[in-house]
Amino acid sequence: MLLGVNIDHIAVLREARQINDPNPLDALGICKFAGADQITIHLREDRRHIHDNDAKAIIEQSPLPVNLECAIDEEIIDIVCKLKPSRATLVPEKREEVTTEGGLNLNTYYTKIKKAVKKLHDNEIEVSLFIDPTKEMIELSSKLKVEWVELHTGTFANVYAMLNSNLSQTHHSIEELELPKKVLKDLLHKSRKDIKKSAALAQELNLKVAAGHGLNYQNVGLISCIKTIEELNIGQSIIARSVFTGLEKAIKDMKDLV
Ligand code: PXP
């Protein structure tokens, strides 16, 4: 299973202070050394974490292929074509969202997406569509002749968190907070089955399959064992854990200096 590491979350921390520390560029060598297969970043329309100069430097200097997530906005697609990452993942984007909520609606935006895919292909950039795991979205992806689909695992991850952890700490798309365990277990089973069935259909239609969103050290095993998924893109949980796995050395280094 390939692992793409989403390093946006390093830029989120930097933006809290609006200085150049921590610099996501410094993560590239560590990601490679640690065995990651890909760097994933998201150039948002509002540039709230990754900026144009980050994207440029990361793509130029990364020892790993770069997967650049972006909206189906003409201006952004033109920038992506100039930046030339190995892959562009088209994602839905809302300014008010905390993170990417739900997959791209390939029905509503079919013509716009088709145009974006053509432009990216003309610039020799392979394309992935971040979609909900449904038959309809897979079939439309195949019609759009993209190389990859990335299945949104957010519903699965949210239900998993509702079953196994403190709900108040999670953002979730399921309305009812007080669902009985049995219902949550059924929902978890269904959301995983949707992912598995969609991945199998995508593979049958010659699409390469990635998945991501909300995957963490507890829930990843239930997804990584699905053989038809080739790659996972994970960010929040890796960067969150690195705070704690790196904290002891960071304090010791400072203690030596003071
Ligand atoms: N894949 C896509 C397309 C995403 O938008 C995100 C979120 O930035 C991820 C994967 C990673 O999600 P998380 O940060 O929850 O691991």
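Counting convention: from 1, in listed order, for ligands and their atoms alike.
- Near Asn6, with a cut-off below 4.0 Å to any heavy atom, the atoms of ligand 1 are 6 (C), 7 (C), 8 (O), 9 (C), 11 (C).
- Both the backbone and the side chain of Asn233 come within 4.0 Å of ligand 1, judged by heavy-atom distances.
- The closest approach between Asp8 and ligand 1 stays at or above 4.0 Å for every heavy atom of the residue.
- Ile251 belongs to a hydrophobic cluster whose other members, connected by ILVMFWY side-chain contacts under 4.5 Å either directly or through intermediates, are Leu247.
- There is no side-chain donor-acceptor pair under 3.5 Å between Gln218 and Asn164.
- Not a single heavy atom of Ser237 sits closer than 4.0 Å to an atom of ligand 1.
- Near Gly214, the atoms of ligand 1 lying under 4.0 angstrom from a non-hydrogen atom of the residue are 12 (O), 13 (P), 15 (O), 16 (O).
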Kindly determine whether Asp194 and Lys190 satisfy salt bridge (Lys or Arg N to Asp or Glu O under 4.0 Å), including the steps that lead there. CA-CA 6 Å; Asp194 289 344; Lys190 183 187 176 310; 2.8 Å; yes

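- Among residues two or more places apart in sequence or in another chain, the salt bridge (charged side-chain N to carboxylate O under 4.0 Å, His left out) test is passed with Lys252 by Glu248.
- For the residues His213, Glu93, Gln236, Glu69, the heavy atom positioned nearest atom 2 (C) of ligand 1 is part of Glu69.
- A continuous path of ILVMFWY side-chain contacts below 4.5 Å connects Tyr110 to Ile72, so both sit in one hydrophobic cluster.
- Defined by atom type and a distance below 3.5 Å, a donor-acceptor pair is missing between the side-chain atoms of His49 and Glu15.
- For the pair Leu215 and ligand 1, the shortest N or O to N or O distance does not fall below 3.5 Å.
- Side-chain polar atoms of Glu69 and Asn67 form no donor-acceptor pair below 3.5 angstrom.
- In Glu150, the part holding a heavy atom less than 4.0 Å from any atom of ligand 1 is the side chain.
- Residue His9 touches ligand 1 through its side chain alone, judged by heavy-atom distances below 4.0 Å.
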